[in-house]
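Notes follow the structure.
Everything quoted here is computed from the prediction, not taken from an experiment. Residue indices begin at 1 and follow the sequence shown.
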Amino acid sequence: QGSRWGIWLVEFISLFIDICFSYVSLNRLWGTGAALTGTFLWLYGLEITLEGGNLTEEYPLALHIMSIFLLIRLLQQPSNRFLQFLLGLILAGTFLFRPNIAAIQIMMVFVLLIAAWMQKRRRDILPLLLWTGTGAALPILLVAGYFWSQGLFRDLIDAVFTYNFAYSQTPLNEASRLVAGFKILGVVAWMALAGYLASFWSFKADAQNRYIHLYLLLGAPFMIYVNDPAKRFYPHYYMTLLPLIALLGAALWHLVQSKIFPKLKVPPVYK
């Protein structure tokens, strides 16, 4: 009813979903310690980047973290068409919030295609593209149809694509996106870098989750590049990287625990 509490409630529900899916997903990968480490790390990053909340980048976090859960499930059940369709829906949802942040889900589809090719499941490639593509197309077509019915389709294109294309062509800073990220995120960025190196180390050793490591190795630098094409370096832009930071933190814990403290291993609660 127009009060700030309405917005607060939506934010609370969204972030509660984020935390639940983050813990369950990371626990499924590497156990309770990794789940707690990764979830705490991205929440600390959220405290740095939230800037009061109610920002465009805040609400897609739930979609991003849910898509991590779907990626894990699809690597385990690669022929599950329903999960492929859901991944497409989430891709469309993030695209409609901000087109460039859908790169998180686009990279997931790319890794799933690589996995199908490397595992000699070539027959799964076309259905994967078909079902994720259908899932992605439906929400976008519905939204486009609504604006078209209101005589506002051209305005939609101008607002989403024309404006953002011009916006991204006029950078405000000459500094590196990576350097800016380290300045904004501080210790969170350093932990993520350590997690990236851990994922590189674990790519061959952790065969069971090899394609998760591949997703991190390819997805992290790709998202750093596309996340802020105009180099505005606003802290809330880096909120989009938090799901990857959660995975990187969990990967770091997994490597440290398995190599240095093997007796501290806590098995997954959810399988």
**Study point:** Criterion side-chain contact (heavy atoms from CB on, under 4.5 Å) on Ile68 and Met108, from CA distance to verdict
**Key:** CA-CA 8 Å; Ile68 290 174; Met108 289 180 181; 3.8 Å; yes

Practice item. Determine, step by step, whether Asp155 and Leu152 satisfy the side-chain contact (heavy atoms from CB on, under 4.5 Å) criterion, reporting the C-alpha distance in whole Å, the side-chain angles of both residues, the deciding distance to 0.1 Å, and the verdict. Key: CA-CA 5 Å; Asp155 298 275; Leu152 297 170; 3.7 Å; yes

Exercise for review: For Thr37 and Leu252, run side-chain contact (heavy atoms from CB on, under 4.5 Å): C-alpha distance rounded to whole Å, both residues' side-chain angles, the deciding distance at 0.1 Å, then the answer.
Suggested key: CA-CA 9 Å; Thr37 301; Leu252 176 61; over 6 Å; no

Point to revise | Step-by-step side-chain contact (heavy atoms from CB on, under 4.5 Å) determination, Phe233 to Lys183 | key: CA-CA 10 Å; Phe233 299 156; Lys183 288 182 178 179; over 6 Å; no

**Study point:** Worked verdict on Phe200 versus Phe203 for ring-ring contact (aromatic ring centres under 6.0 Å, His included)
**Key:** CA-CA 5 Å; Phe200 183 80; Phe203 178 70; 8.0 Å; no

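The neighbour count for Arg122 CZ, taken as heavy atoms of other residues, nucleotides or ligands under 6.0 Å away, is above 12. The neighbour count for Gln208 CD, taken as heavy atoms of other residues, nucleotides or ligands under 6.0 Å away, does not exceed 12. Counted within 6.0 Å of CZ on Arg154, heavy atoms from surrounding residues, nucleotides or ligands total 12 or fewer; the atom is thus considered open. Within a 6.0 Å sphere centred on CZ of Phe110, heavy atoms belonging to other residues, nucleotides or ligands number 12 at most. Within a 6.0 Å sphere centred on OH of Tyr59, other residues, nucleotides and ligands contribute more than 12 heavy atoms.
Side-chain heavy atoms closer than 4.5 Å link hydrophobic residues (I, L, V, M, F, W, Y) into clusters, and following such links, possibly through other members, connects Val111 to Ile125. Under the 4.5 Å side-chain heavy-atom criterion for grouping Ile, Leu, Val, Met, Phe, Trp and Tyr, Leu244 is connected to Tyr225 within one hydrophobic cluster. Neither Leu185 nor Val179 shares a network with the other; the hydrophobic side chains, linked directly or stepwise wherever heavy atoms of I, L, V, M, F, W or Y lie under 4.5 Å apart, form separate groups for each. At a threshold of 4.5 Å between side-chain heavy atoms, the hydrophobic network of Ile, Leu, Val, Met, Phe, Trp and Tyr places Leu70 and Leu75 in one connected group. By the rule that hydrophobic residues join a cluster once side-chain heavy atoms approach within less than 4.5 Å of another member, Leu142 and Phe161 end up as members of separate clusters.
The line from NE2 of His236 to CD of Glu51 is 6.0 Å long, rounded to the nearest 0.5 Å. For the atom pair OH of Tyr234 and CD1 of Ile184, the computed distance is 11.0 Å after rounding to the nearest 0.5 Å. Rounding to the nearest 0.5 Å places CD1 of Ile90 at 6.0 Å from CG of Leu63. Taking CE from Met66 and CG from Leu71, the interatomic distance works out to 14.0 Å, rounded to the nearest 0.5 Å. Atom CD1 of Ile106 is separated from atom CE of Met223 by 9.5 Å, given to the nearest 0.5 angstrom. To the nearest 0.5 Å, atoms OH (Tyr23) and CZ (Phe69) are separated by 14.0 Å.
For the residue pair Ser67 and Gln105, a side-chain donor N or O sits within less than 3.5 Å of a side-chain acceptor on the partner. No side-chain donor-acceptor contact under 3.5 Å links His213 and Ser202. Side-chain contact annotation: Asp206 with Trp30, donor-acceptor N/O pair under 3.5 Å present.
In this structure, the side chain of Lys231 engages the main chain of Ala175 through a donor-acceptor pair within 3.5 Å. Within the 3.5 Å criterion, the main-chain N or O of Leu128 finds a donor-acceptor partner in the side chain of Thr132. A donor-acceptor pair is defined here as one N or O able to donate and one able to accept, closer than 3.5 Å; no such pair exists between the side chain of Gln77 and the backbone of Arg73. Using a distance-only test at 3.5 Å, with no hydrogens or angles considered, a donor-acceptor pair links the side chain of Tyr196 to the main chain of Leu217. The main-chain N or O of Lys204 is found under 3.5 Å from a side-chain atom of Arg210 such that the two form a donor-acceptor pair. Listed for the Arg177 side chain is a donor-acceptor partner under 3.5 Å among the backbone atoms of Asp228. Using a distance-only test at 3.5 Å, with no hydrogens or angles considered, a donor-acceptor pair links the side chain of Thr94 to the main chain of Leu91. With Glu11 contributing its side chain and Asn54 its backbone, the two residues share a donor-acceptor pair below 3.5 Å. Between the side chain of Ser258 and the backbone N or O of Leu255, at least one donor-acceptor pair lies under 3.5 Å. No donor-acceptor pair closer than 3.5 Å links the side chain of Ser14 to the backbone N or O of Val10.
Contact record, Gly181 with Ala189: O-CB, 4.1 Å, taken as the closest heavy-atom pair. Nearest heavy-atom pair across Pro235 and Ile48 is CB-O, 4.5 Å. Of all the heavy atoms in Ala136 and Ala92, the pair that sits closest is O-CB, 3.2 Å. Between Leu26 and Gly38, the closest heavy-atom pair is CD1-CA, 3.8 Å. The minimum heavy-atom distance linking Gly195 with Ala251 is given by the pair O-CB, 4.2 Å. Summarising the geometry of Asn80 relative to Leu74, their closest heavy-atom pair is O-CD2, 3.7 Å, with the distance given to 0.1 Å.
For the pair Arg98 and Tyr237, the cation sits on the ring face: its NZ or CZ lies under 6.0 Å from the ring centre, inside 45° of the axis.
Side-chain contact between Asn100 and Phe95 is absent, with no heavy atoms from C-beta onward closer than 4.5 Å. Residues Thr240 and His64 meet the side-chain proximity criterion, which asks for heavy atoms closer than 4.5 Å. You'll find the side chain of Leu87 stays beyond 4.5 Å of the side chain of Trp131, heavy atoms only. Side-chain contact between Leu247 and Tyr215: present, with at least one pair of heavy atoms (C-beta onward) separated by less than 4.5 Å. The shortest side-chain heavy-atom distance between Leu15 and Glu58 falls under the 4.5 Å cut-off. Between Val226 and Phe222 the shortest side-chain heavy-atom distance falls below 4.5 Å. Here the side chains of Arg28 and Gln76 are in contact, with some heavy-atom distance below 4.5 Å. In this structure the side chain of Trp42 never reaches within 4.5 angstrom of the side chain of Pro243, judged on heavy atoms.
Between Trp8 and Trp5, the ring-plane angle classifies as perpendicular under the 30° and 60° cut-offs.
When the salt bridge (Lys or Arg N to Asp or Glu O under 4.0 Å) test is applied to Arg121, the partners found at least two apart in sequence or on another chain are Asp124.
Of the options Leu41, Ile65, Thr49, a side chain to side chain contact (heavy atoms under 4.5 Å, CB included) to Leu242 is made by Thr49 and by none of the others.
Remark: aromatic rings of His254 and Trp201 are distant, center separation not under 6.0 Å. For Phe153 and Phe147, the gap between ring centers reaches or exceeds 6.0 Å.
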